[in-house]
Amino acid sequence: MTRVAILISGGGSNMLRLVEDMTGDHPARAVLVASNDPGAAGLARAAALGVPTAAVDHRDFPRDRAGFEAALLAPLLEAEPDILCLAGFMRILTPGFVERFDGRMLNIHPSLLPKYPGLHTHARAIEAGDAEAGATVHMVTPELDAGPMLGQARVPVLPGDTPDTLAARVLVQEHRLYPAVLRRFAAGDRTPVLL
Ligand code: GAR
């Protein structure tokens, strides 16, 4: 059975969709949900589904990214994941951490990468007058939001959209995209999922 750990920072709606999908004939199971924020609402939601959780508060490691990552790594290594999914995890990881999960760390990003890596993706798409927005699941490499694409979902940008209305439309598709990509990836298939 393929073991999947998930890192979150907030509500964890994408994490929940992944956990809920990993039942029955799915080739993987969720073994840990961890967060950099002990108050992340997703932690309680994961626990309610019976998934072990861990929290390492990044604020306990001011100006010490290496110390934070070492503390985060401890419960992760204990859980022995084969795949690590970032799902709304809002801390930048160092190349050293990324290399430990080389080829088996996935991230979901709320833009049609390579457009708009980083933050404020929906505001930037609206500002640019884009007709389409969306989300991308990609392999994590040391360069931020730049690894090989594993799946993409597109939505229209509608007249009158605000960053919030567009984010909500994209999130609906994220919830379809990430489970579809993980299912495929856990089965050893890296053909991109295009929605
Ligand atoms: C999602 O929209 C995800 O794409 C985004 O954060 C949100 C998390 O929502 N991720 C990033 O911006 C990564 N840089 P969730 O906690 O409900 O899954």
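For ligands, and for the atoms within them, numbers begin at 1 and follow the listed sequence. Every heavy atom of this structure was used, including side-chain atoms; hydrogens, water molecules and symmetry mates were not.
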Would one find an N or O of Asn107, backbone or side chain, under 3.5 Å from an N or O of ligand 1?
no
Steps toward side chain to side chain donor-acceptor pair (under 3.5 Å) verdict (Asn36, Ser9):
CA-CA 6 Å; Asn36 61 296; Ser9 294; 2.7 Å; yes
So if I apply the side-chain contact (heavy atoms from CB on, under 4.5 Å) rule between Ser35 and each of Ile8, Leu72, Val56, Ile6, which one comes out positive?
Ile8
Short side-chain to backbone donor-acceptor contact, Arg17 and His175, under 3.5 Å:
no
Once the angle between the rings of Phe89 and Phe68 is folded into 0 to 90°, is it parallel (under 30°), tilted (30 to 60°) or perpendicular (over 60°)?
parallel
Residue, atom name and distance, where the atom is the protein heavy atom closest to atom 13 (C) of ligand 1
Met90 SD, 3.7 Å
Test log, rule salt bridge (Lys or Arg N to Asp or Glu O under 4.0 Å), inputs Arg183 and Asp25
CA-CA 10 Å; Arg183 207 174 250 271; Asp25 67 353; 3.3 Å; yes
Can you give me the closest heavy-atom contact between Asp82 and Met1, atom names plus distance?
OD2-O, 3.9 Å
Hey, does Ala135 sit under 4.0 Å from ligand 1 if you only count heavy atoms?
no
Heavy-atom check, side chain of Val31 versus side chain of Glu80, under 4.5 Å:
no
Can you report which non-hydrogen protein atom sits closest to atom 9 (O) of ligand 1, along with the distance?
Asn14 ND2, 4.1 Å
Best match, Ser13, Pro110, Gly118, Gly88: closest heavy atom to atom 17 (O) of ligand 1:
Ser13
Counting heavy atoms only, name the option from Leu16, Leu18, Ile108 that's nearest to atom 10 (N) of ligand 1.
Ile108
Hey, looking at atom 2 (O) of ligand 1, which of Glu174, His175, Met15 has the closest heavy atom?
Glu174
Closer than 4.0 Å to some heavy atom of Gly11 - which atoms of ligand 1 meet that?
16 (O)
With a 4.0 Å cut-off on heavy atoms, is Gly12 in contact with ligand 1?
yes
